[in-house]
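Structure, as structure tokens:
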Amino acid sequence: MRGMSKAFTREVEAEDDDEVGLPPLPAGGKNYITPQGYAVLRAELFELIDNERPRIVEIVHWAASNGDRSENGDYLYGKKRLREIDRRIRFLTKRLEIAEVTDPSVHHGSDQIFFGATVTYVDEADVERTITILGIDEADSLKAQVTWVSPIARALLKAREGDVVKLVTPAGVQEVEVLSVHYPKPEATQ
């Protein structure tokens with residue numbers, strides 16, 4: 001039996017386009033992002049377009065010039081990496097086009113929770129946590145950042161310092177008390 005047909009291979013590759021590694025936007029939701037998060041995604045996009053992709057294209061071109069491509073590791077890996085880069089470029093382009101840049105510093109000094117707030121709260125078990133509410137494309141749970149669509153963020157949004165809100169968890173409804181709310185200071189204009 002010979003290898004897969006090209007038609008089948010392309011079908012599989014097309015399915016891979018949907019696999020991007022980041023959560024999808026909620027239906028009808030906006031793609032809120034901070035100016036800093038937007039800058040990071042934009043920088044990644046330009047790095048891929050200006051540096052990474054041309055470097056891999058050069059490797060693939062060199063590998064293809066070596067003859068037999070069927071067992072040419074540089075060629076095969078390079079083609080695979082190009083597909084990954086192109087998929088990421090398409091994803092970043094789409095996400096940046098629909099991004100709604102929202103500067104949390106406009107709420108500096110407020111005690112009400114909006115997008116971009118850093119919130120300290122305590123739960124019923126008397127465990128204190130501090131989180132920052134950010135966009136889907138920028139939140140990093142390892143840095144205590146949550147997306148604005150996460151259950152804890154949804155429970156906290158619009159609450160104020162001192163408020164007790166109900167958080168629905170798999171273990172049941174839990175009450176959390178908002179201890180403090182902080183926003184970044186507005187950058188000085190020159």
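Any value given below was found using the heavy atoms of this structure, including those in side chains, with hydrogens, waters and symmetry copies removed.
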For the atom pair [atom1] ([X]) and [atom2] ([Y]), what is the distance rounded to the nearest 0.5 Å?
X      : Y      : atom1 : atom2 : answer
His182 : His108 : NE2   : NE2   : 10.0 Å
Asn51  : Phe46  : CG    : CZ    : 12.0 Å
Tyr121 : Thr130 : OH    : OG1   : 9.0 Å
Glu161 : Ile113 : CD    : CD1   : 8.5 Å
Ile131 : Ser141 : CD1   : OG    : 12.0 Å
Ile152 : Leu157 : CD1   : CG    : 10.0 Å

State, with a plain yes or no, whether a side-chain heavy atom of [X] is found less than 4.5 Å away from one of [Y].
X      : Y      : answer
Leu45  : Ile89  : yes
Arg88  : Leu92  : yes
Glu128 : Thr120 : yes
Leu48  : Arg53  : no
Lys80  : Leu76  : no
Val176 : Leu156 : yes
Val60  : Arg81  : no
Glu138 : Leu41  : no

Judged by atom type as modelled, is there a donor-acceptor pair below 3.5 Å linking the side chain of [X] to the main-chain atoms of [Y]?
X      : Y      : value
Tyr75  : Asn66  : no
Asn72  : Ala63  : yes
Thr169 : Leu167 : no
Gln145 : Ala139 : no

>> Walk me through whether Lys94 and Ile98 qualify under side-chain contact (heavy atoms from CB on, under 4.5 Å).
In response: CA-CA 7 Å; Lys94 287 177 189 173; Ile98 62 168; over 6 Å; no
>> Between Glu84 and Arg87, is the salt bridge (Lys or Arg N to Asp or Glu O under 4.0 Å) condition met? List the steps.
In response: CA-CA 5 Å; Glu84 292 167 354; Arg87 184 170 51 242; 5.0 Å; no
> Lys143 and Thr132: side-chain contact (heavy atoms from CB on, under 4.5 Å), yes or no, with the steps?
Replying inline: CA-CA 9 Å; Lys143 296 179 182 175; Thr132 301; over 6 Å; no
> If two hydrophobic side chains count as joined below 4.5 Å and joins carry through other members, does Ile49 share a cluster with Phe91?
Replying inline: yes
> Does Ile85 belong to the same Ile/Leu/Val/Met/Phe/Trp/Tyr cluster as Val57, with side-chain heavy atoms less than 4.5 Å apart forming each link?
Replying inline: yes
Shortest non-hydrogen separation from [X] to [Y] and the atoms involved:
X      : Y      : result
Ala117 : Val181 : CB-CG1, 4.1 Å
Glu175 : Glu124 : N-OE2, 2.9 Å
Asp111 : Arg160 : OD1-NH1, 2.7 Å

> Sequence neighbours excluded, which residues qualify as side chain to side chain contact (heavy atoms under 4.5 Å, CB included) partners of Val101?
Replying inline: Ile33, Pro35, Tyr38
> Checking side-chain contact (heavy atoms from CB on, under 4.5 Å) for the pair Val106/Tyr183: CA distance, chi angles, key distance, verdict?
Replying inline: CA-CA 8 Å; Val106 300; Tyr183 292 94; over 6 Å; no
>> Is it the case that atom CD in Glu58 sees more than 12 heavy atoms from other parts of the structure closer than 6.0 Å?
In response: no
>> Would you say that more than 12 heavy atoms from the other residues, nucleotides or ligands in this model lie under 6.0 Å from the NE2 of His61, or not?
In response: no
>> Does the plane of the ring in Trp148 sit parallel, tilted or perpendicular to the ring in Tyr32? Use 30° and 60° as the thresholds.
In response: perpendicular
